[in-house]
Amino acid sequence: QVQLVESGGGLVQEGGSLRLSCTASGLAFSAYAMGWFRQAPGKERENVADISWSGATYAHFVKGRFTISRDNAKNTLYLQMSSLKPEDTAIYYCVSYRSRDPIETDYWGQGTQVTGSS
């Protein structure tokens, strides 16, 4: 069965950096658009970044600070996060897309906690 497994979360000081990884199995990874979502306690789930054959897109609140990338040979998705802020604190989820317009997701990872301390 399809599995998406995130890793790399943790606690970092404000202004610090962290790289999240998502390793996929059980699907033709290169054929899927992929993305990252996050959800903070008491807040709405929000899209962070996406990547497909046509390139990458970012939410306005992370643009210039986060970079999404993928290594299809390794079936792995990455999110490089820099200049972290306390408001970046959330559980981050790796997702595969059925479609992006409208947004429809196929699979989700279990999530990894990111905490930016002040």
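Please read these numbers as outputs of a predicted model, since none were measured by experiment. The chain is numbered in sequence order, starting from 1.
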Look up atom [atom1] in [X] and atom [atom2] in [Y], then write down how far apart they are to the nearest 0.5 Å.
X: Leu18; Y: Leu11; atom1: CG; atom2: CG; value: 9.5 Å
X: Ser52; Y: Tyr32; atom1: OG; atom2: OH; value: 14.5 Å
X: Tyr58; Y: Arg65; atom1: OH; atom2: CZ; value: 12.5 Å
X: Ile91; Y: Gln39; atom1: CD1; atom2: CD; value: 7.5 Å
X: Gln3; Y: Cys22; atom1: CD; atom2: SG; value: 10.5 Å
X: Ile103; Y: Thr105; atom1: CD1; atom2: OG1; value: 9.0 Å

Contact between [X] and [Y] at the side-chain level, heavy atoms closer than 4.5 Å - yes or no?
X: Arg100; Y: Thr57; result: yes
X: Glu87; Y: Phe61; result: no
X: Gln113; Y: Thr89; result: yes
X: Phe66; Y: Leu84; result: yes
X: Leu77; Y: Arg70; result: yes
X: Leu4; Y: Glu6; result: no

Without swapping roles, check the side chain of [X] against the backbone of [Y] for a donor-acceptor pair under 3.5 Å.
X: Ser96; Y: Tyr107; answer: yes
X: Thr112; Y: Gly9; answer: yes
X: Ser117; Y: Val12; answer: yes

**Message:** If you compare all heavy atoms of Asp88 against all heavy atoms of Ser83, which two are closest, and at what distance to 0.1 Å?
**Reply:**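 That closest heavy-atom pairing would be OD2-O, 4.3 Å.
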**Asked** Is it true that Ile68 and Tyr92 fall in one hydrophobic cluster, defined by side-chain heavy atoms closer than 4.5 Å?
**Response**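 Same hydrophobic cluster.
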**Prompt:** Mind checking whether Tyr93 and Leu20 sit in one hydrophobic cluster, side chains of I, L, V, M, F, W, Y counted as touching below 4.5 Å?
**Reply:**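 Different hydrophobic clusters.
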Donor-acceptor list for residues 40-48 side chains, cut-off 3.5 Å, not counting sequence neighbours:
residue: Glu46; atom: OE2; partner: Arg38; partner atom: NE; Å: 2.8
residue: Glu46; atom: OE2; partner: Arg38; partner atom: NH2; Å: 3.2
residue: Asn47; atom: ND2; partner: Trp36; partner atom: O; Å: 3.2
residue: Asn47; atom: ND2; partner: Asp50; partner atom: OD1; Å: 3.2
residue: Asn47; atom: ND2; partner: Tyr97; partner atom: OH; Å: 3.4

**Request:** Decide yes or no on side chain to side chain contact (heavy atoms under 4.5 Å, CB included) for Val114 and Met81, but give the supporting numbers first.
**Result:** CA-CA 10 Å; Val114 171; Met81 304 182 293; 3.8 Å; yes
